[in-house]
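Every heavy atom of this structure was used, including side-chain atoms; hydrogens, water molecules and symmetry mates were not. Chain identifiers are assigned alphabetically (A, B, ...) following the order of the sequence lines, protein sequences preceding nucleic acid strands; residue numbering begins at 1 within each chain.
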Protein chains: 2
Amino acid sequence: MTMRLDADMFDPMCPSSALPFQVGDKWTGMVVRCLEHGPRRFGELRAPLRTVTPKVLTETLRAMERDGLVTRTAYEENPPRVEYALTPLGRSLLTLIEAARVWTREHLPDLLAARVAYDAGGAPAAPTGSGVSAAGVVSGPPDNA
Amino acid sequence: MTMRLDADMFDPMCPSSALPFQVGDKWTGMVVRCLEHGPRRFGELRAPLRTVTPKVLTETLRAMERDGLVTRTAYEENPPRVEYALTPLGRSLLTLIEAARVWTREHLPDLLAARVAYDAGGAPAAPTGSGVSAAGVVSGPPDNA
DNA sequence: TCCCCCAGTTCCGTTGCGGTAACCGGCCCC
DNA sequence: GGGGCCGGTTACCGCAACGGAACTGGGGGA
């Protein structure tokens with residue numbers, strides 16, 4: 001393999017796994033990005049997505065093939081070889097995925113900070129949320145029990 | 001009154017429910033869109049999202065509140081009133097959602113057509129090969145044999 | 001002969017999202 | 001005093017997604 005795939009996106013420990021988007025199944029978006037720079041073989045997809053099991057990867061790829069997002073090309077060679085490639089339709093998802101990545105880069109810290117503040121129990125000092133507490137009580141975490 | 005929300009997006013029978021994106025939980029994206037034009041009460045969210053159950057809506061809203069996407073304002077009135085509103089962070093998701101909607105408008109027919117073609121017999125565009133279903137060998141570049 | 005390669009497939013188990021149904025508690029109206 | 005409205009909560013459940021491990025199959029090399 002040649003391309004340096006952004007490892008962080010595929011790292012299950014990466015905070016972006018907490019981000020509020022998903023394209024298709026859990027792995028669909030990552031597969032699209034893995035195929036961004038050209039066709040890849042089954043095993044080449046397993047490597048960067050190293051926590052995906054063959055079963056799930058197969059399911060994902062089949063679903064994507066069905067939806068016209070990838071093509072599957074099997075070569076009748078002595079060690080079997082199968083290549084997956086993006087179709088134009090699949091490629092069109094890249095802009096959307098890129099938009100999601102931009103959002104994540106820009107806003108994920110805010111989201112995570114809000115989460116920490118919420119979990120900490122208090123009304124956040126509202127770096128992002130403000131304004132609408134006219135006559136009311138802005139709730140914090142339910143402090144029941 | 002009650003803003004004419006694009007009903008199609010909230011209709012479970014709408015083909016866009018087959019689209020390959022999701023923002024957060026199943027309902028998060030729809031909640032964001034419901035709040036696009038101003039705060040809404042719990043019951044006002046249930047109406048357009050009419051298949052959502054109170055439990056799931058509560059869970060969704062709590063998660064969104066935790067992530068700083070919405071604010072929850074409870075008014076101590078005689079019939080209880082609670083309003084949910086987008087934070088700037090939540091509002092920033094709108095561009096992404098809009099991008100997804102644009103993609104859907106432009107490409108969903110292709111996706112659906114590919115699906116139908118695939119289900120109809122395997123080879124989507126180039127029926128040069130034959131007999132393809134489950135273990136399908138999509139005829140590709142006839143490399144060496 | 002045995003094992004390895006790739007690209008899966010099959011069986012089985014677990015997780016948790018999403019859904020159903022029922023209940024709660026204050027206040028008002030009938 | 002019984003119901004209704006509002007905004008939930010709680011208990012329970014089912015299904016689909018996700019995941020682990022083992023197995024397949026045909027050719028090639030040791």
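- Regarding contacts with the backbone of dC6(D), every side-chain N or O of R81(B) stays at 4.0 angstrom or more from both OP1 and OP2.
- The distance from the CZ atom of R115(A) to the CG atom of L69(B) is 9.0 Å, given to the nearest 0.5 Å.
- Between E44(A) and P39(A), the shortest heavy-atom contact is OE1-O, 4.4 Å.
- Checking dT20(C), dG8(D), dG18(C) against the side-chain heavy atoms of T53(B) singles out dT20(C) as nearest.
- Distance CD (E83(B)) to P (dC6(D)): 14 Å, rounded to an integer number of Å.
- For the pair R62(A) and dT9(C), the criterion of a side-chain N or O lying under 4.0 Å from OP1 or OP2 is met.
- Nucleic acid contact for P80(A): base, since at least one base atom lies under 4.0 Å from a heavy atom of the residue.
- Ion pairing of R81(A) with E83(A) is present here, as a side-chain N (NZ or NE/NH1/NH2) and a carboxylate O approach within less than 4.0 Å.
- Between the CD atom of E65(A) and the P atom of dA7(C) there is a distance of 15 Å, given to the nearest Å.
- Counting to the nearest Å, the C1' atom of dG7(D) and the CZ atom of R41(B) are 9 Å from each other.
- Using a 4.0 Å cut-off, no side-chain N or O of R46(B) falls inside it from OP1 or OP2 of dG7(D).
- Among residues two or more places apart in sequence or in another chain, the salt bridge (Lys or Arg N to Asp or Glu O under 4.0 Å) test is passed with E98(B) by R101(B), R105(B).
- Atom P of nucleotide dG8(D) and atom CG of L57(B) are separated by 9 Å, given to the nearest angstrom.
- In the helix from dT1(C)-dA30(D) to dC30(C)-dG1(D), the terminal helix axes, each the rotation mapping four pairs' C1' atoms onto the next four within five end pairs, subtend 30°, rounded to 10°.
- Between the P atom of dC6(C) and the OH atom of Y84(A) lies a distance of 15 Å, rounded to the nearest Å.
- Across the protein-nucleic acid pair, D25(A) atom CG and dA16(D) atom P stand 14 Å apart, rounded to whole Å.
- You'll find that the side chain of K26(A) is closest to dC18(D), out of dC18(D), dG18(C), dG8(D).
- The distance from the CD1 atom of I97(A) to the OG1 atom of T104(A) is 11.5 Å, given to the nearest 0.5 Å.
- At whole-Å resolution of the value, CG in L45(A) and P in dA7(C) are 10 Å apart.
- In this structure, P54(A) and P79(A) both approach DNA chain D, and ranking their closest nucleotides by distance from the 5' end singles out P54(A).
- You won't find any donor-acceptor pair under 3.5 Å spanning the side chain of K55(B) and the base of dG8(D), going by distance alone.
- In this model, the phosphate group of dG8(D) is approached by a side-chain N or O of R72(B) to a distance below 4.0 Å at OP1 or OP2.
- Shown here for Y84(A) and L35(A), the closest heavy-atom pair between the two residues is O-CD2, 3.3 Å.
- Distance E59(B) CD to dC17(C) P: 8 Å, rounded to the nearest Å.
- Separation of atoms OG1 (T53(A)) and CZ (R46(A)) is listed at 7.5 Å; rounding is to 0.5 Å.
- Taken from CG in L112(B) to NE2 in H107(B), the straight-line distance is 13.5 Å, to the nearest 0.5 Å.
- The listed nucleotides are dG19(D), dG8(D), dG19(C); the one nearest the side chain of T58(B) is dG8(D).
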